[in-house]
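Below, chains carry the letters A, B, ... as their sequence lines are ordered, and counting in each starts from 1.
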Amino acid sequence: MTMITAPELEIAVLVLGMAILLVEAFAAKIDKRVLAFVGIAGLALVLVASFFVTPGSSTSQATGFWSFYTADRLSIFFKQFSLVTTIFVLILMTDYAPVLRSSFPGATLQAGLGEFFALPIFTCVGLMYLVSAIDFVFIFVSLELVTISFYVLVSFTRRNPITLEAGTKYLVLSALSTAFLVYGIAWIFGVTGQTNLQQIADALANPATDRNAALFGMVLILVALGFKIAAVPFQIWVPDVYQGAPTPVTAYLSVGSKAAGFVVLLRVLEPFLALPQTQRLIVVIALLTLIYGNLAALPQANLKRLLAYSSIAHAGYLLIGVACFDASAIGFYLVAYLLMTLLSFAVLIIVAQQTGEQIDDFDGLAKRSPFLAFAMLIGMISLAGVPFTAGFLGKFFIFYAAILQHQTALVVTGVITVGCGFYYYLKVIRAMYWQSSARVDKIPVNGLSRLAISALIIATIWLGVYPQPILDALKR
Amino acid sequence: MSPFLFWIFALLTLIFGAAVVINRNPVASAMSLVVSFLGLAALFMSLNAYFIGIIQVLVYTGAVMVLFLFIIMLLDLRAEEGRQINWLASAGGLAVALILLGQIFSVVGHLTIAHKAFPPLPGSTIDDVRNIGAALFGNYNLPFQIVGVLVLVATIGVVLLSKRQPR
């Protein structure tokens, strides 16, 4: 078996994306859903190949290509994470295709579907580059690749006024956050004369370097990344954009974009860890995010909006991990978050086409489709953090890391807000199992979705009982 | 370049930059942005970065702003002119801007390199096009390639979002 190197993974995904676009352009007669299946199969192939890549280590002496790109264990792990996310998002998109058709009135049945399936593959390339980026120039370029493809995906069903509003808000606020990112990079470059993160760390260790100016640049970059990971006070866009975007895109935004944001945050903060102000700042942001996300989720009646606020709350728990700088706790939490969030969105997409997105629309789901109700039940109890689910262990590792670092305020606030979370997640379960609905007809689930949802349920419970495989993969 | 010219162009850039935000008429706003960009181009040239200065004029001032003006005039935006100013929001925005300004001043005030006299710039060379090309296609090749993918995605997106649906 010949060895596969990490950069070949991205090239393979890029070629896949281009091939799908070309087939889309020239083969007008085929069922466009075939393209999604080709995409899923191709990404699965790359995912398998990624397990044959041996992680390397980055050095400060690296030049050329390797001064931008690292193939360390963390980056390989999150490349696999991005691939898995994109595969599930494509499956969700095939379920969502009928909704897309109704938003392109008068056009042929297949209008816009090809691009809808091809764009996530390019987003995936961006995410894979982003988790490998160790140079500010490269971080900026790959972050923009992700963001620009999300601009298109978020406003895809633009005939719908809510989607159009979501698309415009995301475009304007995201552009603003990019401005902060570039300004911050300019400050750090001005002080250290470097864009490579390792060389910046070396420059900061030198007492002649101006710390205050570098810190100012770091704060500006934190603003931009706070926008990506939906941390308070940069979360204003989240509820509207999550609600208005096509549901598979919302799922992608809340899992893929957030995970890559956290990986970049870990890498960017590493040079600044020597400065004590950094940790204090992260602790404050984490506290605000935890409190705001959980309290604002309480009164929500729309499930998509509820999941948006829950996404802010989960960013808070992840930020506890950042404050303690525990990469493996964050990695495990993100895997758990991927499983339970995609599970909830998968059920939401199927149910929303029959009834709607409100929590009331889930009334009596247990009677109409015991399978979907059970899947939603697992998703919700895992998001809430009930033992024997991946969500519980994720929170456990995060809190454990915080206790080791004596971050009492974070642990206390975290535990209280978890209790708060139980209330709004259980609201959904109550609707499904205790409320009765006027409609009793069954909700059909196609084979592929049934397979994907079953896989997510099993993985959520399995990792809740036996987390060792993920922890081993994350060990540096 | 003499400090006198620097101050003229810097003030020009800042004043017209503010005018972009303050003007209620979109055409006047866009024209202010053109002047602001010209000031910026002059500053680039004063740093011997002739190529970037020229590109600033050609691409931003020339192409992009003309496109902006075209679209503004085609859309005939009158609604913006009659809009009431929300003084509370303006005051809030101004406060945030002033805080940021104060922060920048305090950081620059403590910056050691800002208080030292800079060595004179090396004499201007005509080579800066070649230097930029060498940097883009040499050391910065990887990010440059990714920009290619980015432009592809942006093109697909623009076509997709602006396509008129057959009725």
Side-chain angles (χ1 to χ4, degrees), chain A residues 7 10 14 17-18 21 63-69 104-108 111-112 114-116 118-119 122-123 125-126 129 133 135 137-142 144-153 155-156 158-159 167 183 187 190-191 195 208-217 219-220, chain B residues 17 20-21 40 43-44 47 49 52 64 89 92-93 95-97 99-116 118 132 134-167:
Chain A
E10 282 99 14
L14 253 183
M18 306 259 188
L21 271 185
T63 53
F65 183 83
W66 296 101
S67 68
F68 295 104
Y69 185 101
F104 282 82
T108 56
E115 291 88 349
F116 196 55
L119 279 170
F122 289 104
T123 316
V125 176
Y129 276 125
D135 186 292
V137 176
F138 196 43
I139 288 176
F140 174 70
V141 170
S142 34
E144 280 308 283
L145 175 56
V146 174
T147 312
I148 286 185
S149 57
F150 268 125
Y151 291 158
V152 185
L153 284 171
S155 36
F156 209 92
R158 66 181 195 285
R159 310 260 148 200
Y183 192 42
W187 267 96
V191 176
T195 54
T209 309
D210 194 305
R211 300 281 174 81
N212 282 333
L215 215 56
F216 183 58
V219 171
L220 291 170
Chain B
V20 177
V21 185
L40 207 58
L43 288 178
F44 276 130
L47 292 168
I52 297 182
V64 174
V96 170
I99 291 170
L100 189 66
L101 192 69
Q103 185 84 51
I104 293 172
F105 266 114
S106 89
V107 172
V108 171
H110 291 103
L111 204 62
T112 40
I113 45 172
H115 297 290
K116 277 189 271 183
F118 278 90
I132 288 170
L136 275 186
F137 290 96
N139 194 24
Y140 288 91
N141 202 344
L142 179 66
F144 186 65
Q145 305 270 353
I146 308 304
V147 171
V149 182
L150 196 158
V151 173
L152 172 73
V153 171
T155 315
I156 297 168
V158 168
V159 172
L160 203 66
L161 292 183
S162 58
K163 196 164 62 179
R164 189 187 290 266
Q165 300 298 334
R167 282 169 205 280

Would you compute the distance between atom CG of A/L215 and atom CG of A/L220 and round it to the nearest 0.5 angstrom? 10.5 Å
Against chain B, label A/L14 side chain, backbone, both or neither, depending on which of its atoms sit under 4.5 Å from a heavy atom there. side chain
Check whether A/L21 gets within reach of chain B through its side chain, its backbone, both or neither, counting any heavy atom under 4.5 Å. side chain
Chain A: which of B/G138, B/P143, B/S106, B/G157 shares the most heavy-atom pairs with it under 4.5 Å? B/P143
With only heavy atoms counted, which part of B/F144 is less than 4.5 Å from chain A, the side chain, the backbone, both or neither? neither
Between A/F116 and chain B, with a heavy-atom cut-off of 4.5 Å, which part of the residue counts as in contact: side chain, backbone, both or neither? neither
Pairwise distance CD1(A/I148) to OG1(B/T155) - rounded to 0.5 angstrom: 9.5 Å
Does a side-chain heavy-atom distance below 4.5 Å link B/V158 with A/Y151? no
pair A/F216-B/I104: side-chain heavy atoms closer than 4.5 Å: yes
Contacting region of A/F140 [heavy-atom separation from chain B under 4.5 Å]: neither
To the nearest 0.5 angstrom, please state how far the CD atom of B/Q145 sits from the OH atom of B/Y140. 15.5 Å
To the nearest 0.5 Å, how far apart are CG in B/L150 and CD in A/E144? 6.5 Å
Side chain, backbone, both or neither of B/I156 within contact of chain A (heavy atoms, under 4.5 Å): side chain
Side chain, backbone, both or neither: which part of A/T195 has an atom under 4.5 Å from a heavy atom of chain B? side chain
